[in-house]
Structures are given as C-alpha cells and as structure tokens.
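Remarks on the structure that follows.
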Amino acid sequence: LQKYSGTYAQEAFAQHYFELARNEITGSESQQDFLTKALNYNEKLEILYKDYSDKIVWTRSARIGLLQGNANDALALLEKLHEKFTEDTYIPFHLGECYQKKRDYQKALVYYQKAYSLMLLIDSADRIAFCQFKLGNLEGSLDIFRHIVEENPMDATAINAMGMVFFEL
C-alpha cells in the first residue's frame, strides 16, 4: 500500500483497515485499533467529498460507525445517501444491516429485499431469510435458505441456518 500516493492512497488505506477491522472479534482492542486507522484515513476523504459525491467514502464511514456501535448515526448517514443514490445496490443492504443491528427486522427486511431486487446478491438473500426467521415466517425463511443452498451447495452458513429453522418447525 505504501507505493500509492494522494487520494488513491487514502482510499486504499481506509478500505484496507476497514476490511481488517471487519475480520476481528467485535469489540476487541485490535478491531478498535483498525477502525480508528480506517476512520482517520476516511475522514480525510470525507473532507474532500463533503458534498457526498463519493458514495463509497460515505458508505464506508457509516459502516465504520456501525461497527463502532453507532447504529443511529450510521442509519442517518445511509438514509441521506439512499436519497441521493436511489439505485445503488449496496446502500439499501447496509441500511438493512443497521436496522438488523437495532433488531427492527421488518425494516431490515424491506431494505434487504430492495437490495436483492437491484442485484441478486446471496448476502441479501441470506439476510432476508434471517429476518423472515426473526419475524416468525419460518416457511419463508426455509424456502430462501433452500434456494441459497441450491445455488451454492457448499454454503455452510445456509446449511446450518436451515437446520436451525427445521429445529424451530
């Protein structure tokens, strides 16, 4: 990463440290350290794109906030971005994450479904199935997990989730 310079370097470092933070144990000292580094690089980009013209910078800012436990701030920022970038596929997905973190599974479901309708991402389908499960729609959840496993028979998360749903049925 040190071979890059300028804005590209800021972007590369911000994303690099954010990805490292995502892979750490939630709330751990190492995760907090990586989040702080990601935020430091990202804040420089936020100044450059204070008009919110770079959705990646601001979406990452919201996701950093969510990992730091600031779901309400992340939600406000993502809603602002969603108004500006209505056809973006990732912003609704991340809005769903915020609502899921707040345990508002009905709103999370709406945003995950929107993200899925814009781009057929398995992550969105997995989250839709989880929200369906949390809302008590076990059959709907099971149908989605079955579809995921049909698409990827090695998806251990979906296979385990199917077992969880069967257990509840």
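The residues of the chain are indexed from 1 along the displayed sequence. Predicted model only: the values in this text are computed from it and were never measured.
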Heavy-atom distance under 4.5 Å between the side chains of [X] and [Y], does that happen here?
X	Y	value
H16	K37	no
Y49	T7	yes
T36	L39	no
I159	F145	no
I47	E43	no
K134	Q100	no
H94	L66	no
D33	E29	no

Any donor-acceptor N/O pair, [X] side chain to [Y] backbone, under 3.5 Å:
X	Y	answer
T59	I56	no
S141	N137	no
Q132	I128	no
D104	K107	yes
N42	A38	no

Next item on the list: Test ring-ring contact (aromatic ring centres under 6.0 Å, His included) on F34 and F18 and set out the steps.
Entry: CA-CA 7 Å; F34 289 137; F18 174 71; over 10 Å; no
Is it the case that atom [atom1] in [X] sees more than 12 heavy atoms from other parts of the structure closer than 6.0 Å?
X	atom1	result
K80	NZ	no
K101	NZ	no
L138	CG	yes

Margin query: Can you confirm if the NZ or CZ of K44 lies within 45° of the ring axis of Y41 and under 6.0 Å from the centre of its six-membered ring?
Written below: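 So K44 does make the cation-pi contact.
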Next item on the list: Test the K55-F85 pair against the cation-pi criterion, namely NZ or CZ under 6.0 angstrom from the six-membered ring centroid and within 45° of the ring axis.
Entry: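 Yes - K55 lies over the ring of F85, closer than 6.0 Å to its centre and within 45° of its axis.
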For [X] against [Y], the heavy-atom pair lying closest together:
X	Y	result
A129	I144	CB-CG2, 3.6 Å
W58	K50	CZ2-CA, 4.2 Å
F93	S124	CD1-OG, 3.4 Å
A71	C98	O-SG, 4.3 Å
E24	S30	OE1-OG, 2.6 Å
A62	A74	O-CB, 3.2 Å

Notebook entry, point to check: Does the pair Q106 and L135 meet the rule for a side chain to side chain contact (heavy atoms under 4.5 Å, CB included), with working shown?
Noted result: CA-CA 7 Å; Q106 191 61 52; L135 291 168; 3.4 Å; yes
Roughly how far apart are [X] [atom1] and [Y] [atom2], rounded to 0.5 Å?
X	Y	atom1	atom2	result
E46	Q10	CD	CD	11.5 Å
L95	K114	CG	NZ	9.0 Å
T26	Q32	OG1	CD	9.5 Å

Joint cluster assignment, [X] & [Y], ILVMFWY side-chain distance < 4.5 Å:
X	Y	result
I148	F130	yes
L77	L45	yes
Y17	I64	no
L118	I91	no
L20	L35	no

Note to self: Hydrogens and angles aside, do H82 and E79 bring a side-chain donor and acceptor to less than 3.5 Å of each other?
What the structure shows: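 There is no such pair between these side chains.
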Next item on the list: Scan side-chain atoms only and decide if E19 and Q15 contain a donor-acceptor pair under the 3.5 Å cut-off.
Entry: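 E19 vs Q15: donor-acceptor pair found between side chains.
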Notebook entry, point to check: Would V57 and E11 count as a side chain to side chain contact (heavy atoms under 4.5 Å, CB included) if you check the C-alpha gap in whole Å, the side-chain angles of each, and the deciding distance to 0.1 Å?
Noted result: CA-CA 8 Å; V57 167; E11 175 66 35; 3.8 Å; yes
Note to self: Checking M164 against F166 for the side chain to side chain contact (heavy atoms under 4.5 Å, CB included) test, could you report, in this order, the C-alpha distance in whole Å, the side-chain angles of both residues, the deciding distance, and whether it holds?
What the structure shows: CA-CA 5 Å; M164 178 182 66; F166 276 122; over 6 Å; no
Notebook entry, point to check: Using 30° and 60° as the class limits, which term best fits the ring planes of Y99 and Y111: parallel, tilted or perpendicular?
Noted result: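 Parallel.
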